[in-house]
There are 2 protein chains.
Amino acid sequence: MSGLRERQKADRHRRIIDAATELFREAGYEGAKIEAIAARAEVSIGTIYNYYQNKGDILGAIVSMEVNEVLNAGQGVVASPPANVGDALDTLIGIYIEHSLNYLSKEMWRQAMAISTQLPDSPFGQAYTGLDRELTKQISALIARLQEIGLVRVDIDGAAVGELIFNNMNMMFIEFVKRDEAKIPELRAAIRRQNRVLVAAIGT
Amino acid sequence: MSGLRERQKADRHRRIIDAATELFREAGYEGAKIEAIAARAEVSIGTIYNYYQNKGDILGAIVSMEVNEVLNAGQGVVASPPANVGDALDTLIGIYIEHSLNYLSKEMWRQAMAISTQLPDSPFGQAYTGLDRELTKQISALIARLQEIGLVRVDIDGAAVGELIFNNMNMMFIEFVKRDEAKIPELRAAIRRQNRVLVAAIGT
DNA sequence: AAGAAAAGTTGAACCAATTCTAAAATTGAG
DNA sequence: CTCAATTTTAGAATTGGTTCAACTTTTCTT
């Protein structure tokens, strides 16, 4: 099962992703020519297209890794949230936002988001939509957890509130990556302010 | 001031927009080649690039017209809203959504949204961000109006609630245009459901 | 271990957006 | 009216992502 071909394939995948990650950061998404990625990965252009349907999918693979890390980090908060609705939400959202620029620059985020709406049916488009859904579910799970603990009224529609909070956060994040000078603390403060009405309404 | 040159310029602008609108609808954004738009507008390729920085800006001009119409239609609701918070919001949002596919196909919306995040500093990118801001302000204005009438508590942060509602609606609209089979009534119902908690919380 | 089949690799050719440049048209000063 | 300055045009050249047909390498079979 683990013949030479398998190992070579895995190795090429890694080399392509590594080369692309470096070049995207060095030259930006547009600036990173496929030819250059191929050269740095020591692979031909054709091989890249054998592994990824298009340039966007290469970026997509990088984005997916990052979002999966964030989802993982979020699990901890859902499992044992701060004992206060506002703080619980702020902590989870904080994890998302603070991790977001670890591997990806704002420009990479912009491109990734653009591609996911431009080509919703491409491999990456579908993966991105799936990741958004996972994040929404995680926020809803936090609300459900808070309902169990007795911090949130059990008669509120947790799924709907989770969607509302995620959609607002996501839109704010989109505006955030669109402005290079926008700063993380301001983003978090703005989202906290927007959530305040909601937090007051759903808390016990 | 209104010499031959002025009139020709206005005429060419119109011809380019008309040709592009037709071709975008017939062949989709990607399928509408600049060469074909130029031919139908009876203008050269160079001329198109003299009038618009890039293909996206042509689409941008069309989108801007559409959104401005929607903003206009929304004014009526803000001026005399239905006598009930839930209905007021639903009516305004309904106007936005129902108008949205008048001139633009889902594919055109996808492209327009993608371009606005990909190139936030291009003429169209800035215009699009501005239009989003206008829509947010209009929703906030509706909340303020409802506060005046006494339907919404005066102690809630109307601007924050307006942003929350717009951002959620906009995100839902993005998901809506990403799925060709998604239908308007379902979209409206989902947004109504999400807004319900909020409506209950801010109503008097 | 040889030969055939399967799987993967390569890079030159293709295509469409965008840029560039020389030619043509319009304007206004004298 | 004329012509130099300025704007606009046309379309050829450039550019970079993507495709494709020929070539290699690996695996399988006996």
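Just so we're on the same page: letters track the sequence lines, and every chain starts at 1. Remember, it's a predicted structure, so these values are computed and weren't measured experimentally.
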**Complete:** From NE2 of B:His13 across to C1' of D:dT9 the rounded distance in Å is 15 Å
**Request:** Take atom CD1 of A:Ile48 and atom P of C:dT9, then tell me their distance rounded to the nearest Å.
**Result:** 11 Å
**Item:** Length of the line joining A:Tyr52:OH and C:dT9:P, which is rounded to integer Å
**Value:** 12 Å
**Prompt:** What is the minimum heavy-atom distance between A:Ile16 and A:Ile37, and which atoms define it?
**Reply:** O-CG2, 4.1 Å
**Request:** May I ask you to verify if any side-chain N or O of A:Gln8 is less than 4.0 angstrom from the OP1 or OP2 atom of D:dT26?
**Result:** yes
**Prompt:** OP1 or OP2 of D:dT19 less than 4.0 angstrom from a side-chain nitrogen or oxygen of A:Tyr49, does that happen here?
**Reply:** no
**Request:** Check B:Leu131, B:Leu104, B:Leu71 against B:Glu66 for a side-chain contact (heavy atoms from CB on, under 4.5 Å) and give me the one that passes.
**Result:** B:Leu104
**Prompt:** Which comes earlier along DNA chain D counting from the 5' end, the contact point of B:Val43 or that of A:Glu30, where each point is its nearest nucleotide?
**Reply:** B:Val43
**Message:** Expressed as a whole number of angstroms, how long is the span from A:Ile16:CD1 to C:dG8:C1'?
**Reply:** 12 Å
**Fill in**
Among C:dT10, C:dA17, C:dT19, the one nearest any side-chain atom of B:Lys33 is C:dA17
**Asked** Picking from C:dT19, D:dT18, D:dT8, which would you name as closest to the side chain of A:Ile34?
**Response** D:dT18
**Message:** Can you tell me if A:Lys9 touches the phosphate of C:dG8, counting only side-chain N or O atoms and a distance under 4.0 Å to OP1 or OP2?
**Reply:** yes
**Message:** Testing the basics here: between A:Pro120 and B:Lys178, what is the closest heavy-atom pair and its distance to 0.1 Å?
**Reply:** CG-O, 3.5 Å
**Request:** Calculate the interatomic distance between B:Asn50 atom CG and D:dT6 atom C1'; express it in whole Å.
**Result:** 13 Å
**Item:** Presence of A:Arg12 side-chain N/O under 4.0 Å of C:dG8 phosphate oxygens OP1/OP2
**Value:** no
**Request:** Take atom CG of B:Leu119 and atom P of C:dT18, then tell me their distance rounded to the nearest Å.
**Result:** 9 Å
**Request:** Return the value, rounded to whole Å, for the distance between atom CD of A:Glu6 and atom C1' of C:dA6.
**Result:** 14 Å
**Prompt:** Should the ring pair B:Phe24 and B:Tyr29 be called parallel, tilted or perpendicular, given that the plane angle runs from 0 to 90° and is split at 30 and 60?
**Reply:** tilted
**Complete:** Closest non-hydrogen contact found for B:Leu164 with A:Gln194 is CD2-O, 3.5 Å
**Asked** Between A:Tyr51 and C:dT9, is there a side-chain N or O to OP1/OP2 distance below 4.0 Å?
**Response** yes
**Request:** Would you tell me if any nitrogen or oxygen in the side chain of A:Thr47 comes within less than 4.0 Å of OP1 or OP2 on C:dG8?
**Result:** no
**Prompt:** Is the phosphate of D:dT9, meaning OP1 or OP2, less than 4.0 Å from a side-chain N or O of B:Ser44?
**Reply:** no
**Separation of atom CZ in A:Arg15 from atom P in C:dG8, rounded to whole Å** = 15 Å
